[in-house]
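Report on one structure; see the data block that follows.
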Amino acid sequence: MLSFTSQRLAVALSVALTVSIVAFLLLHLSGDLATAIAGPEATAAQIAEIRHQFGLDRPMTLQYLDWLWRALHFDFGNSFYYRDTVTSLVASRMPVTMTLGAISLMLALVIAIPLGVLAAVYSGTIVDRLALGFCVLGQAVPAFCLGLGLIIVFAVHLHWLPVSGTASWKNYIMPSVALGWYAVPAVMRLSRNGMLEVLSSDYIRTARAKGLRPTVVILKHALRNAIIPVVALAAVQFGFMLGGSIVIEAVFNMQGLGYLAWEAIARNDFPVVQAVVLILAVIYVALTFLADVANAFLDPRIRLA
Amino acid sequence: MTVAAPVDIGTGLEAPAAPQRRRAGLLRRSFGHSGLVLGGTMLVAIIAIALAAPLLAPHDPYNQDLAHRLIPPVWQAKGGWDHALGTDKLGRDYLSRLIFGARISLLIGTLTVLISGTIGTVIGVCAGYFGGRVDAVLSYIVTTRLALPVVLVALASAALVGSSLQGVIVVLGLLLWDRFAVVTRSATQQIARTDYVAAARAIGCSTLRILISEILPNILNALIVVATLEMAHAILLEAALSFLGLGVQPPLPSWGLMISEGKQYMFFSPWVIGIPAAALVALVLAINLVGDGLRDVTAPENRG
């Protein structure tokens, strides 16, 4: 277990390092930053001044190492647009996105796992077909369209929920549904397939043969083993949600990390964009690492393979 | 999979009929698969509409008519047949914009998949065939790519290369190759172990020849399935990018852009976003149904 964990940790750390290089290069290779910051009407002298002021005249490697060193100390520099450090901006926006992601994931799991189990238990029947049909239809509805549709129905027509913002817990209901929506098909398919596989195994036949009630067999014996791969998927989906929340935050006007990144991209606020890309990628790497370890812990076959 | 019937053995004359019979079986299975038939019909219809857009569109999709702004569609009280789906905030005919918008979505889906499919297949086939260190390095690249938040990186890159149709295609093409790489890698690993690849190697075929004429035709089924699903993915991402204002730029009639432009009017005229959203859902649903159907039909053992 220890060698498995340390090996995975080494991979995770090197992927995180590579991602930091990509995040850095993404903005530095795509054009002259100084010109972009200075704006279209700047003179050559002003551009040179800005280049020097932001340290953009130094060698690329040096700039990267400097940026990385500061990033490791949670110092991402100052925002070009806001009179504030990137770190405090990110810190103030992070809770909204994290809350949104957590509720969305919970919602997706609570809907998808029972649906997957039902589809597997009643495999081949109308229940199974309806669940799969729901999945196919669900995958075709873009999250932002669903979000706008929810606003029209529940905020504009029924007046049940607020249209936008983050003022109360009610503001999180529609965004979480829209964001969690996209994870439902994947989680459902995986729990259905896992369940189907487990249900056809010998020990389930034994459990049934010795006369246990079907609910006990399904919930206690089968679900426990069928759920293992879902753990890893849930972690990965949480990472996707944090990245995908940018669209939902834009629809519902929520001042989260995604909204910050969206504004920053539109305003050429490069330090903020770099920081958000790096932070989301590192969170994703950490999540997949934890999922790998949790999986290996739950299923010894993985760590011995 | 269907296997040639045992009747063929011995006569020798009937043996060449086997591939044809298998193809006929594939066709019969395709038509027996309701999802594939439904999705295929929808997709063919949308492609036909996109190709015949100039003939079908009742008006010029770019023609502004400020005197007739935000006319509701025909099923509402104030609607009329002149503008069957109404007009947008600049008085442009909504039906015509919707019809021309199909071209943009299909163009982006197709070209993106051509770029990303090429990148992903090269990476996946090399990783799967050569294995060892090549596999380790290429898998590492795929892992790194998966760690990058797609929407955010696509937005930032689209903004940097300049938001345009070409920009969106290049950015999405360079980003969405991960699933191609993952799927072709495992498919190639299976094929590389087979006897006929060993035989090809034994008679001295070059590596390139083995990859192109032995491996590639045999992973084609898996490749087509991924290509359809990734096409849907690209179309959805383009819509999201355009919705956020950093994808296709006005006045192009992209469906995502139409939703974005209609957002401020959605409280009083929900159809402004409902119509392009419905078109988007129909196209993505059609492509996904075709992809899922093809997977069921070509590889029934992977169903699920």
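All chains are named by letter (A, B, ...) in the order of the sequence lines, taking the proteins before the strands, and each is independently numbered beginning at 1. Note that the coordinates shown come from a computational prediction; the quantities given were computed from them, not determined experimentally.
Heavy-atom pairs under 4.5 Å with chain B were tallied for A/L278, A/V277, A/I283; the largest tally goes to A/V277. Interface summary for chain A: among B/N288, B/L285, B/I141, B/V153, the most heavy-atom pairs under 4.5 angstrom belong to B/L285.
Proximity to chain A involves both the backbone and the side chain of B/L146, based on heavy atoms less than 4.5 angstrom apart. Proximity to chain B involves both the backbone and the side chain of A/S14, based on heavy atoms less than 4.5 angstrom apart. Proximity to chain B is absent for every atom of A/V236, based on heavy atoms less than 4.5 angstrom apart. Using a 4.5 Å cut-off between heavy atoms, B/A277 contacts chain A through both its backbone and its side chain. Proximity to chain B involves both the backbone and the side chain of A/V15, based on heavy atoms less than 4.5 angstrom apart. Both the backbone and the side chain of B/T144 come within less than 4.5 Å of a heavy atom in chain A.
The nearest pair of heavy atoms linking B/V284 to A/A140 is CG1-CA, 3.6 Å.
Residue A/E197 qualifies as open at atom CD: its count of foreign heavy atoms under 6.0 Å is 12 or below.
Side-chain contact between A/I265 and B/L152 is present, with at least one heavy-atom pair separated by less than 4.5 Å. No side-chain heavy atom of B/V281 sits less than 4.5 Å from a side-chain heavy atom of A/C145. Using a 4.5 Å heavy-atom threshold, the side chains of A/Y182 and B/L236 count as touching. Proximity of B/L246 to A/W262: side-chain heavy atoms (C-beta onward) are separated by under 4.5 Å at one or more points. B/I273 is listed as a side-chain neighbour of A/I152, based on a closest heavy-atom distance under 4.5 Å. For the pair A/T18 and B/Y140, the minimum side-chain heavy-atom distance is below 4.5 Å. A/F240 places none of its side-chain heavy atoms less than 4.5 Å from the side chain of B/V151. A/V251 is listed as a side-chain neighbour of B/F243, based on a closest heavy-atom distance under 4.5 Å.
Among B/L280, B/I235, B/I259, the single residue meeting the side chain to side chain contact (heavy atoms under 4.5 Å, CB included) criterion with A/P142 is B/L280.
Atom CG of B/D292 and atom CD of A/Q139 lie 7.0 Å apart (nearest 0.5 Å).
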Task: B/F267 and A/I151: CA distance, side-chain angles, deciding distance, side-chain contact (heavy atoms from CB on, under 4.5 Å) verdict - done: CA-CA 9 Å; B/F267 297 109; A/I151 290 180; 4.1 Å; yes

